[in-house]
Amino acid sequence: MSPRLVVVSNRLADGRPGAPGGVAVALGDAFDDSGGLWFGWSGNIVEGDSALHVQQVGRLTLATLDLTRQDHDSYYLGYSNGVLWPVFHYRLDLADFDAGFIEGYRRVNQRFARQLVSLLRPDDVIWIHDYHLIPLASQLRALGCQQRIGFFLHIPMPPQLMLAAIPQHAWLMESLFSYDLVGFQSQADLLHFSRYVQAELGAVAQGEQRYSAFGQLLQAGVFPVGIDVEALTALTHGKEARDMYERITRAYSRRRLLLGVERLDYSKGLPQRLRAFRQLLKKHPENRNSATLIQVASPSREALESYADLRLELESLCGAINGEDGDLDWTPVRYIHRHVPRKRLPGLYRAARVALVTPLRDGMNLVAKEFIAAQNPADPGVLVLSRFAGAAEQLKEALLVNPYDTEATADSIQQALHMPLDERQGRHQMLLERIRRHDVHWWRQSFLQALAATQPHP
Ligand code: ADQ
């Protein structure tokens with residue numbers, strides 16, 4: 001019998017309203033056909049400590065913990081999303097290095113470790129996800145765990161000197177050596193990691209993506225996360241998505257639709273995108289009264305000031321574009337600050353002529369892949385993709401742009417809007433092949449195979 005898979009992530013996909021991040025979507029998809037244990041935060045904030053909640057969903061056991069307000073504020077908002085998220089997305093200017101947060105981050109990781117240990121079996125394989133839980137393996141090892149433990153970083157790995165700005169960077173990165181395997185989204189991330197551990201931690205490269213330091217041997221690798229293409233295609237043909245498609249194509253029958261979908265996050269390049277769209281209208285006025293940008297941005301981490309500021313900036317930019325460029329019968333930007341139900345989303349993707357996926361930095365970006373999967377191959381839309389998304393290493397047939405270059409991005413949007421059918425079909429076919437070959441099941445299997453091939457932890 002193969003070992004039981006134990007997945008640990010900050011959040012679990014639990015069907016609750018609100019925006020699930022990409023990690024929950026990817027893991028939910030990866031778990032579909034296999035049992036195991038999924039452990040993480042329940043999403044609840046409580047007064048005082050709470051017990052572990054365990055429930056069975058088919059072959060999958062879900063085990064969740066609540067967080068106290070204090071833990072939530074320091075571990076989740078403070079350190080994970082106020083320090084690690086901005087620095088890992090190259091935004092040192094937005095990082096709040098308040099020393100108090102690190103204690104909460106350590107404490108919650110310790111608490112996760114203590115609770116998890118009581119659920120583990122000796123032959124489990126443990127797969128820990130993302131920046132919230134970097135030190136979890138070192139806490140588990142301290143409690144005597146000898147199981148194989150892998151870690152996957154869903155967000156980018158920043159360059160050495162940027163990472164070194166985090167006061168606790170050495171502690172954080174040293175703790176990665178408690179894992180047997182560390183996986184990244186892209187070659188660029190692996191390169192940054194490799195430089196960092198050698199230059200800052202004195203690690204020694206031991207052949208193919210293997211590093212030794214602190215008496216440990218760590219295997220690293222690149223495993224670009226994929227989507228469940230079959231499941232998304234099925235959703236696209238489902239009733240909710242078809243209804244959405246019909247509603248949108250009817251409402252915008254005289255327009256060419258551009259679409260942006262994400263969490264409202266400064267890494268996603270939303271103001272830059274709106275400026276590029278505005279430049280398109282200025283430089284290529286034939287798109288006036290025709291091109292309409294639907295921008296869906298779901299609420300995210302609103303307790304953080306940087307997110308609240310972004311929301312205001314975006315609302316003001318949309319207002320300015322609609323007020324100055326719009327007409328009585330044409331609203332250039334439809335901005336919706338909401339989450340679109342997952343079953344309807346593919347209908348929206350399919351109705352769009354162009355998707356604008358233009359983050360300033362992104363680990364992978366699943367929206368780019370979902371858009372491709374939802375297209376009609378006979379009349380597909382065009383993907384405009386930031387070269388700074390991890391997905392750009394794979395999705396070469398998209399129109400790759402530098403989102404900081406407003407002028408060039410506007411030109412690429414123009415090219416996308418007016419691309420002939422045969423070119424659209426050719427590009428889409430290649431892109432679809434790529435996301436099929438490296439789908440979420442491939443991602444899971446290749447990571448777990450690489451983890452199984454590592455030497456057992458001493
Ligand atoms: P995220 O930054 O959350 O994920 P992304 O990869 O784009 O971003 O995934 C977002 C997911 O949430 C997609 O499945 C999308 O459909 C859904 N979603 C986003 N906004 C939505 C909205 N307004 N309405 C409905 N659904 C919405 C992190 C990293 C990424 C990495 C993933 C997975 O930041 O780089 O790709 O993890 O590894």
Side-chain angles (χ1 to χ4, degrees), residues 7 9-11 13 15-30 80-81 84-86 88-91 127 129-132 151-157 183-186 188-189 222-229 231-232 235-236 240-241 244 259-270 294-301 307 311 314 334-349 355-374 383 385-386 388-395 435 438-440 443-444 447:
V7 167
S9 61
N10 176 57
R11 289 297 300 274
R16 215 181 290 256
V23 180
V25 170
L27 293 179
D29 285 348
S80 298
N81 288 319
L84 299 181
W85 178 273
F88 280 51
H89 287 88
Y90 301 14
R91 292 298 301 270
W127 189 5
H129 292 262
D130 233 3
Y131 57 103
H132 315 82
F151 178 77
F152 187 79
L153 185 69
H154 289 257
I155 63 175
M157 172 57 64
F184 299 99
Q185 299 272 30
S186 70
D189 299 324
V222 176
F223 307 90
V225 68
I227 62 164
D228 187 334
V229 179
L232 204 114
L235 278 188
T236 307
E240 283 93 337
M244 174 63 117
L259 177 68
V261 176
E262 43 259 302
R263 287 181 302 102
L264 184 50
D265 194 291
Y266 50 77
S267 65
K268 304 291 183 184
L270 290 163
I294 297 186
Q295 178 60 59
V296 186
S298 53
S300 186
R301 306 172 194 166
Y307 287 76
R311 184 177 170 184
L314 213 58
R334 287 279 175 181
Y335 165 59
I336 298 144
H337 185 50
R338 212 173 307 145
H339 177 71
V340 179
R342 187 134 191 89
K343 287 185 176 169
R344 292 203 199 142
L345 194 54
L348 194 55
Y349 287 141
L356 301 181
V357 182
T358 54
L360 304 180
R361 194 74 188 99
D362 214 330
M364 175 54 56
N365 197 297
L366 297 181
V367 169
K369 297 184 175 184
E370 291 169 357
F371 174 77
I372 295 164
L383 175 63
L385 178 64
S386 164
F388 305 126
E393 278 189 11
Q394 294 180 296
L395 306 181
I435 63 165
H438 292 136
D439 69 358
V440 74
W443 172 66
R444 174 183 184 274
F447 185 93

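Counting convention: from 1, in listed order, for ligands and their atoms alike. Excluded from the calculations below are hydrogen atoms, water molecules and symmetry mates; all remaining heavy atoms, backbone and side chain alike, are included. Throughout, numbering of the chain's residues begins at 1 and tracks the sequence.
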With nothing but distance in play, are any N or O atoms of [X] less than 3.5 Å from an N or O of ligand 1?
X	result
Leu366	yes
Gly363	yes
Phe152	no
Met364	yes
His89	no
Gln185	yes

Quiz item: Mind checking whether Phe88 has a heavy atom under 4.0 Å from ligand 1?
Solution: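 Distance cut 4.0 Å: Phe88 fails for ligand 1.
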
Quiz item: Would you call Phe371 a ligand 1 contact, heavy-atom distance under 4.0 Å?
Solution: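 No, Phe371 has no heavy atom closer than 4.0 Å to ligand 1.
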
Considering all heavy atoms of both residues, which atom of [X] and which atom of [Y] are nearest to each other, and what is their separation?
X	Y	answer
Gly183	Phe223	CA-CD1, 3.7 Å
Ala374	Pro346	CB-O, 3.7 Å
Ile227	Lys369	CD1-O, 3.5 Å
Val367	Asn365	N-OD1, 3.0 Å

Any idea which atoms of ligand 1 are less than 4.0 Å away from a heavy-atom of [X]?
X	result
Lys268	1 (P), 2 (O), 7 (O), 8 (O)
Tyr349	16 (O)
Val261	20 (N), 21 (C), 22 (C)
Val367	7 (O), 15 (C)
Arg338	23 (N)
Ser298	20 (N), 21 (C), 22 (C), 23 (N)
Val225	33 (C), 38 (O)
Val296	23 (N)

Quiz item: Between Arg301 and Trp85, is NZ or CZ placed under 6.0 angstrom from the six-membered ring centre and within 45° of the ring axis?
Solution: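 The answer is yes, since Arg301 meets both limits relative to Trp85.
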
Quiz item: Would the Phe152 and Trp443 ring centres measure less than 6.0 Å apart?
Solution: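 Centroid distance Phe152-Trp443: below 6.0 Å, so yes.
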
Flag side-chain contact, heavy atom, 4.5 Å: [X] against [Y]:
X	Y	value
His89	Pro156	yes
His154	Gln185	yes
Leu395	Ile435	yes

Self-check item: Asn365 contact mode with ligand 1 (heavy-atom cut-off under 4.0 Å)
Solution: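 Both backbone and side chain.
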
Quiz item: Is it the side chain, the backbone, both or neither of Leu345 that has a heavy atom closer than 4.0 Å to ligand 1?
Solution: side chain

Exercise. Look only at the side chain of Gln295 and the backbone of Gly260, and say whether a donor-acceptor pair between them is shorter than 3.5 Å.
Key: yes

Quiz item: Under a 4.0 Å N-O cut-off, is there an ion pair linking Asp228 with Arg342?
Solution: no

Quiz prompt | From Arg342, Glu262, Glu370, His339 - option closest to atom 19 (C) of ligand 1 by heavy atom | solution = Glu262

Practice problem: Check whether the side chains of Asn81 and Tyr307 place a donor and an acceptor atom closer than 3.5 Å, and report yes or no. | Solution: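 Judged by distance alone, the side chains do not pair up.
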
